[in-house]
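Reviewing the structure listed below.
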Amino acid sequence: MNAGGTSLVHKEEMAANFAVPGKYIGEKPYGSGHINDTFRVIYEQNRREVHYIHQRINNNIFKKVPELMENIGRVIQHQRRKLSAAGADQLDRRVLTLVPTRTGGIFYQDTKGDYWRTYVFIEGALGIDVVENTAQAFETAKAFGEFQCQLADLPGRLHETIPDFHHTRSRFNVLANAIEEDRFNRAAGVKAEIEFAKTREEMVDVVIDLMKTGELPERVTHNDTKLNNVLIDTATGKGMCVIDLDTVMPGSVLYDFGDMVRTTTNQAVEDERDLSRVEMDINYFRALTKGYLETASGFLTPKERELLPFSGRLITFEIGLRFLTDYLQGDVYFKTHREGQNIDRCRKQFKMVQSMERQAEVMQRIVKEYK
Ligand code: ADP
Ligand code: GN1
Ligand code: MG
């Protein structure tokens, strides 16, 4: 199983190399991300405990960490400028702040070759794994819409940190290979899921084809807009800060909206086994659409708007394909904490796709209701 690194931070090395004032006190693994190893760290400063995030970047997945960090540096600097120009309050809780290394860099490569970065810890806000109410769907979508808006005029082009990240056709082809190879003899046990994937092949080219012809514009998008990548203020319930910026790069707003639909319209966990609990809840979809259009409607083209409901199906399907592929390849990509977790994740995604297929018309109507 790929449970990721829960090993402790090399504390002396971190404290010596990042320009964090004060004395290192302790740390613990933090959050439930599937990719990086995240630690909440306590430093004592003037007899006060102050928290930071030390994060080991997964460089099996992100092959060019210096480029990735350059992207993040540019993105947060631009966001900060925008927020500041708009007179936003609580600036330090609304955008991530990187703590530099003692030599002025924004990441550190340790003696084992691992890459680390440090963020100021945003207090009083949490990334939640399962949506609890429609207000959270609204806030999440509003925050990601605002994020896209802030970055609409980012100068230059960002590096592609994972090439073809949302190229659904490639994802489909990689799955087809994994089925063919079947290195772990798992394919026979998941025939229904394989069949489900194959019968929906026609979906996979729609967005990439429209991007190729220019009918859908390329924009700066987040590309990993799951619910827990927005920190929600624990006191007010407001969306405070968009985090997890590793995949911010050129893309389509549909990738972002689609992943929000996947993660904010159902109250079951991502690997839910009781599929009777898994339906796309139209009230959550309404809240999400309202929140997103509140911040994004100003720049969306008619085509983007039209495809918002479809993007929910597409991206949920795509992530389902990826979980199925990882299951067949022996659970090497996403962190797992138990046997069969990736296939359960896949089943949940596919059930959501089915549910959205049934509700396609009403989803379309809802998008039209909001200007
Ligand atoms: P992953 O790529 O593994 O998902 P994230 O960057 O999303 O990693 O971080 C994992 C978790 O750590 C987040 O879901 C969030 O709960 C927490 N986190 C990350 N950065 C901060 C921060 N600056 N302040 C507070 N919590 C944070
Ligand atoms: C990963 O890093 P995290 O946990 O926010 C993955 C996303 C998937 C998601 C599924 C870089 O996101 O693409 O949609 O898991 N990130 C990467 O929960 O592959
Ligand atoms: Mg994350």
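Quick note: numbers below take in every heavy atom, side chains included, and nothing from hydrogens, waters or symmetry partners. Whatever order the structure lists ligands and atoms in, that order sets their numbers, starting from 1. We number each residue from 1, following the sequence as shown.
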Original post:
In the protein, which heavy atom is nearest to atom 9 (C) of ligand 2, and how far is it?
Top reply: Lys226 NZ, 3.7 Å
**OP:** Just need the protein heavy atom nearest to atom 14 (O) of ligand 2, so name the residue and atom and give the distance.
**Re:** Ile319 CD1, 3.4 Å
Subject >> Proximity of Leu96 to ligand 1 by residue part, where a heavy atom lies under 4.0 Å >> reply: side chain
Original post:
Pick from Tyr52, Phe39, Phe121, Tyr119: which one makes a ring pair (Phe, Tyr, Trp, His ring centres under 6.0 Å) with Tyr30?
Top reply: Phe121
Subject >> Part of Phe323 within contact of ligand 2 (heavy atoms, under 4.0 Å) >> reply: side chain
Subject >> Donor-acceptor side-chain pairing of Thr168 and Glu318 below 3.5 angstrom >> reply: yes
Subject >> Lys335 to ligand 2, any heavy atom closer than 4.0 Å >> reply: no
**OP:** Check Asp246 against ligand 2 and report side chain, backbone, both or neither, counting heavy atoms closer than 4.0 Å.
**Re:** neither
Subject >> Asp224 near ligand 2 by a heavy-atom separation under 4.0 Å >> reply: yes
**OP:** Name the closest protein heavy atom to atom 24 (N) of ligand 1, giving the residue it belongs to and the distance to 0.1 Å.
**Re:** Ile122 N, 2.9 Å
Original post:
Are any of the heavy atoms in Arg262 under 4.0 Å away from ligand 2?
Top reply: yes
Subject >> Distance-only side-chain donor-acceptor flag, Tyr292 / Gln148, under 3.5 Å >> reply: yes
**OP:** Run the contact test for Thr97 against ligand 1 with a 4.0 Å cut-off on heavy atoms, strictly below, and give the result.
**Re:** no
Subject >> For atom 13 (O) of ligand 2, closest protein heavy-atom neighbour >> reply: Arg322 NH1, 2.8 Å
**OP:** Please could you name the atoms of ligand 2 that Glu270 approaches to less than 4.0 Å, counting only its heavy atoms?
**Re:** 10 (C), 18 (O)
**OP:** Please check if any side-chain donor atom of Asn36 sits under 3.5 Å from a side-chain acceptor atom of Asp246, or the reverse.
**Re:** yes
Subject >> Atom CG of Asn46 with >12 non-hydrogen neighbours under 6.0 angstrom >> reply: no
Subject >> Residue part near ligand 1, for Val120, under 4.0 Å between non-hydrogen atoms >> reply: backbone
Subject >> Pair Gln136-Thr140, side-chain donor/acceptor within less than 3.5 Å >> reply: no
**OP:** Please check if any side-chain donor atom of Ser32 sits under 3.5 Å from a side-chain acceptor atom of Asp129, or the reverse.
**Re:** yes
Original post:
Are Arg200 and Phe317 in a cation-pi setup, meaning NZ or CZ lies under 6.0 angstrom from the ring centre and within 45 degrees of the ring axis?
Top reply: no
Original post:
For residues Thr336 and Arg345, is any side-chain donor paired with an opposing acceptor at under 3.5 Å?
Top reply: no
Original post:
Does the side chain of Lys348 come under 3.5 Å of the side chain of Asn266 through a donor N or O and an acceptor N or O?
Top reply: yes
Original post:
Which one holds for Phe121 and ligand 1: side chain close, backbone close, both close, or neither close, with close meaning a heavy atom under 4.0 Å?
Top reply: both
Subject >> Modelled atom types, side-chain donor and acceptor of His78 and Gln150, under 3.5 Å >> reply: no
Subject >> Nearest-contact summary for atom 8 (O) of ligand 1 - protein heavy atom, Å >> reply: Gln55 NE2, 3.2 Å
Original post:
How close does the nearest protein non-hydrogen atom get to atom 2 (O) of ligand 2, and which residue and atom is it?
Top reply: Ile35 CG1, 3.2 Å
**OP:** Could you tell me which N, O or S atom of Asp244 is nearest to the Mg ion (ligand 3)?
**Re:** OD2
Original post:
Of all the non-hydrogen atoms in the protein, which one sits nearest to atom 15 (O) of ligand 2, and at what distance?
Top reply: His34 CD2, 3.3 Å
**OP:** Measure the acute angle between the ring planes of Phe350 and Phe196, then classify it against the limits of 30° and 60° as parallel, tilted or perpendicular.
**Re:** parallel
Original post:
By number and element, which atoms of ligand 2 are closer than 4.0 Å to a non-hydrogen atom of Phe62?
Top reply: 11 (C)
Subject >> atom 19 (O) of ligand 2: nearest protein contact (heavy atom, Å) >> reply: Tyr333 OH, 2.5 Å
Subject >> From Asp246, Asp244, Ile61, Ile243 - option closest to atom 1 (P) of ligand 1 by heavy atom >> reply: Asp244
Original post:
Which of the atoms of ligand 2 are close to Asn229, meaning less than 4.0 Å from one of its heavy atoms?
Top reply: 5 (O)
Original post:
Nearest to atom 12 (O) of ligand 1, what protein heavy atom do you find, and at what distance?
Top reply: Thr38 CG2, 3.6 Å
Original post:
Out of Val120, Ile72, Asp244, Ile122, which one pairs with Leu96 under the side chain to side chain contact (heavy atoms under 4.5 Å, CB included) rule?
Top reply: Ile122
